[in-house]
Number of protein chains: 2
Amino acid sequence: MASGTRSALTREAVLDAAAALVKRHGPDALTMRRLAKALGTAVTSIYWHVGGREALLDALVERTMAELGEIRPRGGTPEERVVGVACELRRQLRGHPHLVALVHERGLTERMFLPAQRVLVREAHAAGLRGTRAAEFVRAVQFQVVGHVLVERNRERAPVQHPGEQELWSEEAAGDDPALARALALPADTERLFLTAVSALVRSLLAPPSSTRPPDPVG
Amino acid sequence: MASGTRSALTREAVLDAAAALVKRHGPDALTMRRLAKALGTAVTSIYWHVGGREALLDALVERTMAELGEIRPRGGTPEERVVGVACELRRQLRGHPHLVALVHERGLTERMFLPAQRVLVREAHAAGLRGTRAAEFVRAVQFQVVGHVLVERNRERAPVQHPGEQELWSEEAAGDDPALARALALPADTERLFLTAVSALVRSLLAPPSSTRPPDPVG
DNA sequence: ACCTGAACACCGTTCAAGT
DNA sequence: ACCTGAACACCGTTCAAGT
């Protein structure tokens, strides 16, 4: 359709090619020389348009972050809505697997999380939290989501571990709880685990602070 | 003291020098050539003793992991003991800042966490959890701790963000909650945040499953 | 304003050669 | 068995030079 965008090297075109490279082969594959070859230009042209590799990655992150959809809370209770927001956020991050690592390396986690922060603040207020308690709630959810995605992504990348939980737990005496040994020998169901953990966290943090919890009467 | 360990290049000596390099200047500074220069040998000698860079890092991780102290649970209730274990684990990981990233990159998180898993299993049993529920509990705590440390470490490395929460939250309308805006503009107190989050998680997961929580009667 | 090649200072790794 | 230098195929970046 478009005629001859052939010879004009644009900042846009460079970013497109870079994004494609990262998407296909991961951030390590993004090399100035490889990128130049993909674009059919000299390496040094890239420097004129976007600067060095660091600036290139910055621009790439910026760009991908802008593509992230907005999250809209859904559900009846604040708890449900917050859990929903967390799940949606995780989904988005998992949709751009390389982005997470890139953002993480560049220390842009805060920036990436800002829209979600605004949403979470509203929900915290709706649940009756205010001031520092609300701030702590927001950040606890943020750390939880980002942390979980980081750990999760890492597991997917390195599916087989040296000794591996499998062997270590299958032979191990897990007390008299073979079901537990079996469960720990299996790879984790991260989807379910995320839901469980974030639900537990949110439920506990949104609960009225009245119950400073008396010690359990169980022996 | 020791006489002439001067000329004999050992696998041990290589690992020592490598560890020192990583400790001082981070994993990126660990270069085969730099390491060789530090050791006063040819680059290729390292290959004979420990193999390539990848093998070197593996050995380094293995070694540092073995140095990690054991965690002993302390406290009256299972909840207290689990939180204590989590805190101790975080402390240990923070004590070896480069190790975390290395372990994470190599996908050895499971292996690193195994001793802690055993302890957590005992506490889960003590709290009355069994089977898959106990396994889920253990893994939730594991993901929480590792994830938090990863996020936390990243923040420390990149103290100033592009726009930064500061500006973004100081000018922003946070509803009618200036205290919250102030709190979110300040850097997070990760120590406190960790304690809050892990306590909330553990409390919620160790609570008896009886309360499927009826919906809040609040309008 | 835009693009180029040559050059610099680095990498990890291999390999034939020494002792 | 241990150590070496030369060489290969890569890097990111700079810079003077072209048009």
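Quantities reported herein were computed from a predicted structural model and do not represent experimental measurements. Chain identifiers are assigned alphabetically (A, B, ...) following the order of the sequence lines, protein sequences preceding nucleic acid strands; residue numbering begins at 1 within each chain.
For the strand DNA chain D, secondary-structure stems (runs of at least three Watson-Crick or G-U pairs, all distances below 3.5 Å) span C:4-8 with D:12-16, C:12-16 with D:4-8.
Applying the side-chain contact (heavy atoms from CB on, under 4.5 Å) rule to V138(A) yields the partners Q117(A), L120(A), V121(A); only residues at least two apart in sequence or on another chain are considered. Looking at residues two or more places apart in sequence or on another chain, you find a salt bridge (Lys or Arg N to Asp or Glu O under 4.0 Å) between E88(A) and R91(A). Remark: F143(A) pairs with H148(B) by the ring pair (Phe, Tyr, Trp, His ring centres under 6.0 Å) rule, at least two apart or across chains. Partners of F113(A) under the ring pair (Phe, Tyr, Trp, His ring centres under 6.0 Å) rule, at least two apart in sequence or in another chain, do not exist in this structure. The side-chain hydrogen bond (donor to acceptor under 3.5 Å, both in side chains) search around E54(B) returns R106(B), not counting sequence neighbours.
Under the 4.0 Å criterion applied to side-chain N and carboxylate O atoms, R111(A) and E62(A) are assigned as salt-bridge partners.
The main-chain N or O of R130(A) is never found under 3.5 Å from a side-chain atom of D177(B) such that the two would form a donor-acceptor pair.
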Please write out the pairs of protein N or O atoms and N or O atoms of nucleotides 13-16 of chain D separated by less than 3.5 Å, giving the distance to one decimal.
from	atom 1	to	atom 2	distance (Å)
dT13(D)	OP2	Y47(A)	OH	3.0
dT13(D)	OP2	R53(A)	N	2.8

With 3.5 Å as the limit, what N/O pairs link the protein to nucleotides 17-19 of chain C?
none

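The shortest distance between the side-chain N/O atoms of H49(B) and the OP1/OP2 oxygens of dC3(D) is below 4.0 Å.
Rounding to whole angstrom units, CG of residue L35(A) and C1' of dC10(D) are separated by 16 Å. Whole-Å rounding puts the K37(A) NZ to dA9(D) P distance at 12 Å. Per the geometry, CG belonging to L39(B) stands 13 Å off C1' belonging to dC3(D), to the nearest Å.
Residue pairs meeting the side chain to side chain donor-acceptor pair (under 3.5 Å) criterion with at least one member in residues 179-202 of chain B, sequence neighbours excluded, are E136(A)-R192(B), E136(A)-T196(B), E152(B)-T190(B). Within the structure, the side chain to side chain donor-acceptor pair (under 3.5 Å) test picks out no pair touching residues 29-52 of chain A (sequence neighbours left out).
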Check: residues 11-28 of chain A side-chain donor-acceptor pairs under 3.5 Å, at least two apart:
from	atom 1	to	atom 2	distance (Å)
D16(A)	OD1	R63(A)	NH1	3.4
D16(A)	OD1	R63(A)	NH2	2.2

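Residues of residues 12-28 of chain B having a heavy atom closer than 4.0 Å to DNA chain D: none are found.
Counting any heavy atom pair closer than 4.0 Å across all strands shown, T31(B) reaches sugar-phosphate atoms only and no base atom.
Across all their heavy atoms, A140(B) and A197(A) have their closest contact at CB-CB, 4.4 Å. Nearest heavy atoms, M32(A) versus G52(A): CE-C, 3.9 Å. Considering every non-hydrogen atom in both A116(A) and L89(A), the closest pair reads CB-CD2, 3.9 Å.
Closest to the W48(A) side chain, of the nucleotides dC3(C), dC3(D), dC2(C), is dC2(C).
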